[in-house]
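Here is the structure we will look at.
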Amino acid sequence: MFSQHSILALSPHTIELRKYIPHFILLNLIFLSAIFLFGNKLYLAVLFSALPLCLVAFLNFKSVLYFLPVSLFLNFNAFGFAASEWITLLLVVSFFAVYKNIDWSDLALPIVVPFLLYYSVMMLSTIKSANMLLSLYFINHYLLFIGLMTIMSAVIVNQKTIFRLLTIYLSFVALNSIHVIIQAVFTGKRVFGFAGIMFVDYVGIGIIFSAVLSLFSTRWYYRILFLSLTLLFTIALILTQTRTIWVATFSALCVIIGFIAIRRSYFGFQSSTFRRFTLLLIVFLGIGLSAALIFNPHTFGRLSEVGNASEADVSESGLVKNSLVSRVFIWHTAYNAFIANPILGIGAYSFPFSSQYYYTIPKYFYKIYVENLSPHQTFFAVAVETGLLGLIAFIVLLISILRYIFKGMLTSNTFEEKRTSAVLGGGVIYCLISMFTTDAW
């Protein structure tokens, strides 16, 4: 499963992190001072802290690597890019600063051709953009993603590194889940914790990770630990009141557990053991659902919006109260854009600043519900912004990823490798399924 010719074996110029604890203390002091100086302009604080952070990155690559999952929960953007993307950029810089004598063959992604195919179509689509330079700027989202995947595939060569990253990720999902529960109890509103709206996807992936880890746990106390995390995450997910993510999480969980059930002999599970685990998982999920309703009895109130989609959708002030109807305004404008540019689209990442040229709904509704927003559905967004060529290339990429993860699950050698491939494969399956309900990816 892991490369025997990893660049980690080249004795990177990595300095022991414990020698540089004072540097981290200094970094934190500088960051806190920057927040004090710049107030709510957090991006200025980030820029102010960039220099010492870069110095730390040059000293130790792994410190940046292990900070990456933490950065997912930093709820701010600077210049159109999330905190995790800036840390990804820092990770790339740190990688080339720390590792010497790189064997470039180790940086070849297993599915590099589909990645580059979709990237090429994205670049080509920018000729149709209302602002070509801005589209080219935002394509760096995708370049950072490719860079991250390339480096991660090269440097993660053992189970220990993977589970350290998983532990950090699950720990912060747990902390944010507790925050969500506290917010829900005291406010009774739809809440997301300190991570913001993206938490709905983080906790969905967390449920997949913890459920699969509990299945593969060989000791009863580890199984209870991961089932308890699944319970906690389920409560938090329900309290976010995000209906589409409920569907995506449940669907992904069914797919990965169903796949393992079909191949249970390969994964080393007896039928009776698997049935007991499934029953136990259902019980914990049910307890989570019940607990969420206790913490906030109005949790399922948003479900009535769908049932009453044709009734009283517009308030007395003229605002749409139903979120599904408000999305229809976005989709209607996106459809107009696609019809006008069906082959190459309107330019990668350009819909938020190009939609003004395609709306036919009343300007009042456009300003409130469409302006500066994305198409709100991944495949639709890809088709609108990169056309049919982009949609085909994107589907080829997704099929390649699916083939790769299922191949990984079915060609692993040890029990530990099978567990790892199942956990990470479940996360990817969640991402692919959730693309049908959101364009967050």
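All values below come from the heavy atoms of this structure, side chains included, with hydrogens, waters and symmetry mates left out.
Within the 3.5 Å criterion, the main-chain N or O of I208 finds no donor-acceptor partner in the side chain of Y430.
Of all heavy-atom pairs spanning T333 and S355, the tightest one is CG2-O, 3.7 Å.
Cation-pi check for K418 over Y266 is met; the charged atom lies under 6.0 angstrom from the ring centroid and within 45 degrees of its normal.
For R190 and T240, the side-chain atoms include no donor-acceptor pair closer than 3.5 Å. Judged purely by distance below 3.5 Å, without hydrogens or angles, the side chains of S125 and T386 never pair a donor atom with an acceptor atom. Judged by distance alone, the side chains of T420 and Q159 do bring a donor and an acceptor atom under 3.5 Å apart. There is a side-chain donor-acceptor pair under 3.5 Å between D439 and S374.
A distance of 6.0 Å or more separates the ring centres of F194 and F199. Remark: aromatic rings of F209 and F226 are distant, center separation not under 6.0 Å. Aromatic pair Y118/F394: ring centres closer than 6.0 Å.
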Verdict with reasoning, Y202 to F172, per ring pair (Phe, Tyr, Trp, His ring centres under 6.0 Å): CA-CA 10 Å; Y202 298 157; F172 273 84; over 10 Å; no
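A distance of 11.0 Å separates CG of L373 from CZ of R327, quoted to the nearest 0.5 Å.
Between Y369 and F329, the ring-plane angle classifies as tilted under the 30° and 60° cut-offs.
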